[in-house]
Amino acid sequence: MYNFDFVKPASVEDAVAALGGDEAQPLSGGMTLLPSMKQRLNAPATLVSLTGIDALKGVCRDGDMLVIGAATPHAVVARDAAADYPALAELAGQIGDPMVRNRGTIGGSLANNDPSACYPSAALASGATIVTDKREIAADDFFQGMFATALDEGEIITSVRFPIPQKAAYAKFAQPASRFALTGAFVAQYANGVRVAITGASENGVFRWSEAEAALSSNFSADALAGLAASADQMIGDLHGTPEYRAHLVGVMTRRAVAAAH
Amino acid sequence: MPKDGGIGASTKRREDVRFLTGNGRYTDDINLRGQAHAYFLRSQVAHGKINGIDTAAAEAMDGVIRVFTAKDFEGVGGMPCGWQITDKHGQPMQEPKHPILAEGKVRHVGDPVAVVIAETLEQARDAAEAIELDIEDLPAVVDMKAALAEGAPKVHDDLTSNLCYDWGFVEENKAAVEDAFAKAAHVTTLELVNQRLVANPMEPRVAVGDYDPWNDNSTLYTTSQNPHVIRLLMGAFVLGIPEHKLRVVAPDVGGGFGTKIFHYAEEAFCTFAARQLKRPVKWTSSRSEAFISDAHGRDHVTKIQLALDDANNFTAIRTETYANMGAYLSTFAPSVPTWLHGTLMAGNYRTPLIYVNVKAVFTNTVPVDAYRGAGRPEATFQLERVIDKAARELGVDPVELRRQNFIKADQFPYATPVAVEYDTGNYDATMDKMLEISDYAGFAARAEESKKRGKLRGFGIAHYIEACGIAPSNLVGQLGARAGLYESATVRVNATGSISIYTGSHSHGQGHETTFAQVVAEMIGIDAGQVEINHGDTANTPMGMGTYGSRSLAVGGSALVKATNKVINKAKKIAAHLLEASEADIELADGKFTVAGTDKSVDWAGVTLAAYVPHNYPLESMEPGLEETAFYDPSNFTYPSGAYGCEVEVDPETGEVEILAFTAADDFGNVVNPMIVEGQVHGGIAQGIGQALLERCVYDEDGQLVSGSYMDYAMPRADDLPNYTVDHSCVTPCTHNPLGVKGCGEAGAIGSPPAVINAVIDALQRGGHSHVTHIDMPASPSRVWAAMNAQ
Ligand SMILES: Cc1cc2nc3c(=O)[nH]c(=O)nc-3n(C[C@H](O)[C@H](O)[C@H](O)COP(=O)(O)OP(=O)(O)OC[C@H]3O[C@@H](n4cnc5c(N)ncnc54)[C@H](O)[C@@H]3O)c2cc1C
């Protein structure tokens, strides 16, 4: 790790101001950023901690929306979203290990947009809105490929607004070593249709599986997916699975998510 | 003697109090006054020519004390190899130089090129980034067969090729084996990969070098399984420091699994640099560094063939193995695919003719050496897989095919065609036991139940043999070992009767501090709490060979028994004097010396006190004091064996394998502490399941390590593992050591991989995937799914 300055502002305004400095970077749970700094792959001059800002923390219901502060740890989501959005709470409860869940945050996960991370699939399948210090971004516009998002330099996520579905579930097939998603499917049913988001599988990061959405919107059952196969084109191939295997898992995990939806 | 402390008692491990409360004293806990920190700059390319190393900028940086490169080691020896193999033509293996820091070329990712010593580790690391390396990329060889191809890039330019040796065993039997194959009624062939593994002990390697210029004494604190061997190799062959000026201390060591046997460049470096700088020098490996600098394990590619006659008797076995040595020869690397592997190819069976061919190959990868089981898991995996495949091809029960060919209980001692003589065993007994406790008879019903849930259930069997307790020194000397393989013990009885033991065995998780004390307590009849075990410091223990190959109790324990018997003999003489009786009439029981047939007695402490306060003592005929040392050199290996049963369920949709039950019925001979033995088996099975289902060290074709962290290298976690049922009630004691013990440390890692893979294949076969006859380890979900769907 190289030397860096550390600031811990108490308000979003102060955080944004601090991020205007040279090579400043937001720090949330640090579960992704700190290991990369220790390996000297990342060397911000200033870390602006977001976890001292109360406005960025907590889970609250707002009509038919569940609003989650960006600096809310996974363990809190697992507990506090359980009543309103159980599928989301279950996803949060399956991330990493207790230490990761108690430190890592939803904002950090979405901003990082790891192609194997879990949260991006929930945000995309729910049609969530990513709220930042300066605007609101629809999930459909937010995720822009592996580790790429619509966020501008110095822009921070403040909260995420999830429309609460009628039914939803997340089915994750864990990569054996990291236990991130080798392939994960998040399925959410709304009055106006079904959304299916797949993580872990594609070289382009999280994506919506539109064929499955169409089939499920007219018949929300695992049977509706029979015969439907995702293409192996542009799927990730690595030592844990070939593109074909991941394409296959897209179908299996989507069916399992539909069967488990509640 | 109550059984709560002596042989056979499941005494709780006394060392666990400090380990479990975080109070172990590991090498990294050692910080010496004035200590400087070493940071190793390692090659990022697999193969390259070093055109220049500019350290000027680094040397000028804050806190930097000195930067070392290969030129600082002119006149210093290379890292020695402790075993020379003679090839099938009678020629010695090709043995390249292994410099402490890379000379002229880098040969694998992680090869150390320079070392910065600075006041702090961060300063050393900062300075390392300022070193300008001019390395010209050379094409890398990673695949063994490609490395042997005509015109392949050479890892070592001064060798004739990348072939270390081409070994044939038993070369004289080759023609007879070929003949048996020509006459066979059936031949089963299996090609398989025993994949490369990274040992990953919980504690990474650490070395702290210290030097006292006023006495010219060097000390190395290191994470080693055998500090005396390090002292010998490093002192005599690398740095030229005689033993009396060199102390090696291996304090608490957090797991070794073989990878801490070897003498590493970092150890020699820290000792050397401390002398140069006249201050202590410390290096602690990071986890990432461990992946590219700890010796790896396994990495064999094998074709095995089994010949059977028309009555399904095994008539011959022949194998052809490519064994990866990596870029340099690690300390015992050449012995692993040869003597530790070829000699086990008979398994538990009466196969009369065996021929093993091994080609050891240099590649641009991390050196490979012994890892838990070392050669024996590779042998067992081939054999137990090919037998299962043969049973399937012949349509016979895999249990029956094994039984029919087992060496029978009344055939011991049994000389195999691969140069070893098994002293005892009862393979039918362990097989019966395993089948009984795993309820093999009820498997079919369980498989039906799985089927109803859409899952494929399978049962896999493996029966292993192991050669432990290495070894008769004269024998291994003939086989090319450059070391003896005895063990030592000093039993120092203190005046008030407590006992300090100094053993050449080294405990790095095995629990010697408990079991060795149990042995001595039982022999004398005192409380085990009166006995303290000391190990790991060349300054106070006699020359010892250390712990690996499940040898501690069989060899180190035997030395301990021998030394304790010497103590008892002397104590009896003292007791005879005190009791005014003839020595022949003195009996020792429950810590008391009695004159046979009388009530005259003196207790243990009475005798020990007399030895050190010799007022009433036969000084004219006997020295005072009560301390004895013994060396024990075994007359044979020990041969633990056992039957393992694994029951799995495969999810046909994802290829995921779940282990539902795992049963081990081992014959370890006599058992000193059943709880510790079971713990060793549990750990071994965990590593075996890790190999079978999860772990895999992968290089890409440029020699970059793809699985270089836990993000990609899958270690087994608790929830990957079932509850095991382990049994060691089948006992055929070893005939040639005083405790009748055989060794249990590696068994689990040897027997479990074939049991798991046999179970996976069984599940797929039963599920209608009859084309799947083999899956290479690890049987990851993607591989199992691909195998099911390949047509
Ligand atoms: C062992 C382990 C296992 C894991 N397993 C899983 C898993 O199974 N599934 C899964 O999804 N994830 C997993 N993770 C990742 C985990 O969820 C991380 O917590 C998450 O990716 C990052 O969140 P964080 O709060 O720690 O972010 P940080 O590490 O603090 O930051 C990550 C990045 O996001 C930026 N950032 C942080 N907050 C904001 C914000 N509010 N606005 C803008 N940018 C911001 C930072 O500058 C940085 O670039 C695992 C991590 C570990 C260490």
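Letters A, B, ... are given to chains in the order of the sequence lines, protein chains preceding strands, and every chain is numbered from 1.
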Answer with side chain, backbone, both or neither: which region of B/Met711 has an atom nearer than 4.5 Å to a non-hydrogen atom of chain A?
both
Using a cut-off of under 4.5 Å on heavy-atom pairs, state which of A/Ala177, A/Ser178, A/Gly241 scores highest against chain B.
A/Ala177
Count the heavy-atom pairs under 4.5 Å between each of A/Arg40, A/Gln175, A/His240 and chain B, then report the option with the highest count.
A/Arg40
Go through the steps to decide whether B/Arg696 and A/Asp238 satisfy the test salt bridge (charged side-chain N to carboxylate O under 4.0 Å, His left out), and finish with yes or no.
CA-CA 13 Å; B/Arg696 182 180 170 211; A/Asp238 60 16; over 6 Å; no
Mind checking the CG-OG spacing from A/Leu239 to B/Ser782? Nearest 0.5 Å is all I need.
8.5 Å
Can you tell me which portion of B/Asp651 sits under 4.5 Å from chain A's heavy atoms? Options are side chain, backbone, both or neither.
side chain
At a 4.5 Å cut-off on heavy atoms, which part of B/Pro781 comes close to chain A: side chain, backbone, both, or neither?
both
How about CG on A/Asp97, more than 12 heavy atoms from neighbouring residues, nucleotides or ligands closer than 6.0 Å, or not?
yes
Check the surroundings of atom CG in B/Asp62: do more than 12 heavy atoms from other residues, nucleotides or ligands lie under 6.0 Å from it?
no
Give, as side chain, backbone, both or neither, the part of B/Glu129 having an atom under 4.5 angstrom from any heavy atom of chain A.
side chain
Which residues in residues 243-262 of chain A have any heavy atom lying under 4.5 Å from a heavy atom of chain B?
A/Glu244, A/Tyr245, A/His248, A/Leu249, A/Val252, A/Met253, A/Arg255, A/Arg256
Select, from B/Arg783, B/Glu695, B/Arg717, the one with the greatest count of heavy-atom pairs under 4.5 Å involving chain A.
B/Arg717
Neighbour count above 12 (heavy atom, 6.0 Å) for A/Met1 CE
yes
Does any backbone or side-chain atom of B/Asn789 lie under 4.5 Å from a heavy atom of chain A? Answer side chain, backbone, both or neither.
neither
Within 6.0 angstrom of A/Arg103 CZ, more than 12 heavy atoms from elsewhere:
no
Measure the shortest side-chain to side-chain distance between A/Tyr2 and B/Glu122 over non-hydrogen atoms and say whether it is less than 4.5 angstrom.
no
Proximity breakdown for B/Thr654 and chain A, heavy-atom pairs closer than 4.5 Å:
both
Is any side-chain N of the basic residue among A/Arg179 and B/Asp720 closer than 4.0 Å to the acidic one's carboxylate O?
yes
With the side chain counted from C-beta on, respond yes when A/Gln39 and B/Ser288 share a heavy-atom pair under 4.5 Å apart, and no when they do not.
yes
Quick check on A/Gln144: does its CD atom have over 12 non-hydrogen neighbours (other residues, nucleotides or ligands) under 6.0 Å away?
yes
